[in-house]
Amino acid sequence: MCSLTREVLALTTDEKYILLVKQLKNLFDGEKNIVANLANTAAVLKQELNLFWVGFYFVDREENELILGPFQGPIACTRIPFGKGVCGYSWKNKKSILVPNVNLFEDHISCNSNSKSELVCPIIVNNKVVCILDADSDKINGFDLTDQKTFELICSEIASLFSS
Ligand code: SME
């Protein structure tokens, strides 16, 4: 095992998340294109957090629905109406939502039966949701409050890309 790997393994969850956010900020610093940055964000989150699926949905105002953006994982639903599912809930209520067991969320939209828990966070620019970050775990209780807080931080960094 190389010393770097030993050092990373020794980090606490909080320290790993600080590194993760730094890594994303560095990626964004070198590139202003939204799609490129969201694609790399999905890749980093999928790999570092060992997620089943992670990706973005853009708000399509004309159609009043979400449309699938860059993601990592199996194919997913392409369009989600306003207010529908966990993603629609987050869009409508302008807040992140952690669903420990998707089977207990009445309006959950199942794109893949292997998805067991979900964390969704809106990206808000000028008080309007422009995009949604959606992460799925293949385990029940796959996310905790630290994940939720970190996703909120990542989404606020992404929001500044939309407005810059
Ligand atoms: N489960 C989501 C739909 C999107 S997928 O999980 C990729 C929802 O209920 O909104």
Side-chain angles (χ1 to χ4, degrees), residues 13 16-17 20-21 23-24 27-28 31 33-162:
T13 307
K16 279 183 195 157
Y17 272 138
L20 181 78
V21 173
Q23 187 185 356
L24 290 173
L27 274 171
F28 300 161
E31 178 56 64
N33 183 274
I34 299 278
V35 172
N37 282 327
L38 297 188
N40 270 337
T41 301
V44 168
L45 293 177
K46 174 87 165 65
Q47 186 169 324
E48 298 299 323
L49 306 184
N50 196 22
L51 299 171
F52 173 70
W53 190 95
V54 61
F56 294 90
Y57 282 93
F58 291 110
V59 169
D60 179 340
R61 287 202 197 283
E62 274 179 27
E63 302 295 336
N64 202 31
E65 59 191 10
L66 297 169
I67 174 79
L68 184 63
F71 72 94
Q72 294 266 320
I75 58 167
C77 316
T78 50
R79 290 179 182 271
I80 298 175
F82 178 72
K84 295 288 172 198
V86 186
C87 293
Y89 177 94
S90 175
W91 175 17
K92 187 175 177 181
N93 294 286
K94 293 185 182 171
K95 63 178 186 188
S96 67
I97 173 168
L98 198 169
V99 180
N101 179 349
V102 295
N103 295 319
L104 302 179
F105 190 94
E106 206 179 313
D107 199 28
H108 171 254
I109 298 167
S110 178
C111 303
N112 189 302
S113 59
N114 289 317
S115 170
K116 305 287 189 224
S117 56
E118 190 160 354
L119 175 56
V120 176
C121 191
I123 293 155
I124 300 173
V125 178
N126 297 331
N127 209 30
K128 280 191 173 150
V129 177
V130 294
C131 191
I132 292 284
L133 169 58
D134 179 16
D136 291 24
S137 168
D138 55 6
K139 295 169 198 68
I140 286 176
N141 284 322
F143 302 98
D144 61 17
L145 285 178
T146 306
D147 298 313
Q148 190 171 8
K149 290 289 157 218
T150 307
F151 270 47
E152 286 173 0
L153 186 58
I154 290 169
C155 285
S156 68
E157 290 295 334
I158 292 172
S160 61
L161 297 175
F162 277 85

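Read the numbers this way: they start at 1 and go in the same order the structure lists the ligands and their atoms. Side-chain atoms are counted along with the backbone in the values below, which use heavy atoms only and exclude waters and symmetry mates.
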Quiz item: Where's the contact between V102 and ligand 1, heavy-atom distance under 4.0 Å: side chain, backbone, both or neither?
Solution: neither

Quiz prompt | Beyond-backbone contact of N112 with D136, side-chain heavy atoms, under 4.5 angstrom | solution = no

Practice problem: Give the atoms of ligand 1, by number and element, whose distance to some non-hydrogen atom of H108 is under 4.0 Å. | Solution: 1 (N), 9 (O)

Exercise. Please name the pair of heavy atoms, one in P122 and one in I132, separated by the smallest distance, quoted to 0.1 Å.
Key: CA-CD1, 3.9 Å

Quiz item: Does V86, backbone or side chain, put an N or O under 3.5 Å from an N or O of ligand 1?
Solution: yes

Self-check item: Spacing of CG belonging to L24 relative to OG1 belonging to T41, to within rounding of 0.5 Å
Solution: 5.0 Å

Quiz item: Taking distance alone, with no angle check, do I80 and ligand 1 share an N/O pair under 3.5 Å?
Solution: no

Quiz item: Hey, what do you get for C111 versus C77: SG atoms under 2.5 Å apart or not?
Solution: yes

Practice problem: For W53, counting its heavy atoms only, list the atoms of ligand 1 lying under 4.0 Å from any of them. | Solution: 7 (C)

Quiz item: Would you say I124 and K94 make side-chain contact, with heavy atoms under 4.5 Å?
Solution: yes

Quiz item: Under 4.5 Å between any side-chain heavy atoms of F162 and C131, yes or no?
Solution: yes

Quiz item: In terms of atom number and element, which parts of ligand 1 are under 4.0 angstrom from non-hydrogen atoms of C87?
Solution: 8 (C), 10 (O)

Practice problem: May I ask you to identify, for C111, whether its side chain, its backbone, both or neither come under 4.0 Å of ligand 1 on a heavy-atom basis? | Solution: side chain

Quiz item: Which residue and non-hydrogen atom of the protein lie closest to atom 6 (O) of ligand 1, and at what distance in Å?
Solution: D136 OD2, 2.9 Å

Exercise. Decide whether the shortest distance between a heavy atom of Y57 and an atom of ligand 1 is less than 4.0 Å.
Key: yes

Quiz item: Short list, please: which atoms of ligand 1 are under 4.0 Å from a heavy atom of D134?
Solution: 4 (C), 5 (S), 6 (O), 7 (C)

Practice problem: Using a cut-off of 6.0 Å, state whether more than 12 heavy atoms not belonging to Q47 lie near its atom CD. | Solution: no

Quiz item: Can you tell me which residue and heavy atom of the protein come closest to atom 1 (N) of ligand 1, and the distance to 0.1 Å?
Solution: I109 O, 2.7 Å

Quiz item: Between D60 and R79, is there a side-chain N and carboxylate O pair less than 4.0 Å apart?
Solution: yes

Exercise. Return yes or no for this condition: an N or O of E118 is under 3.5 Å from an N or O of ligand 1.
Key: yes

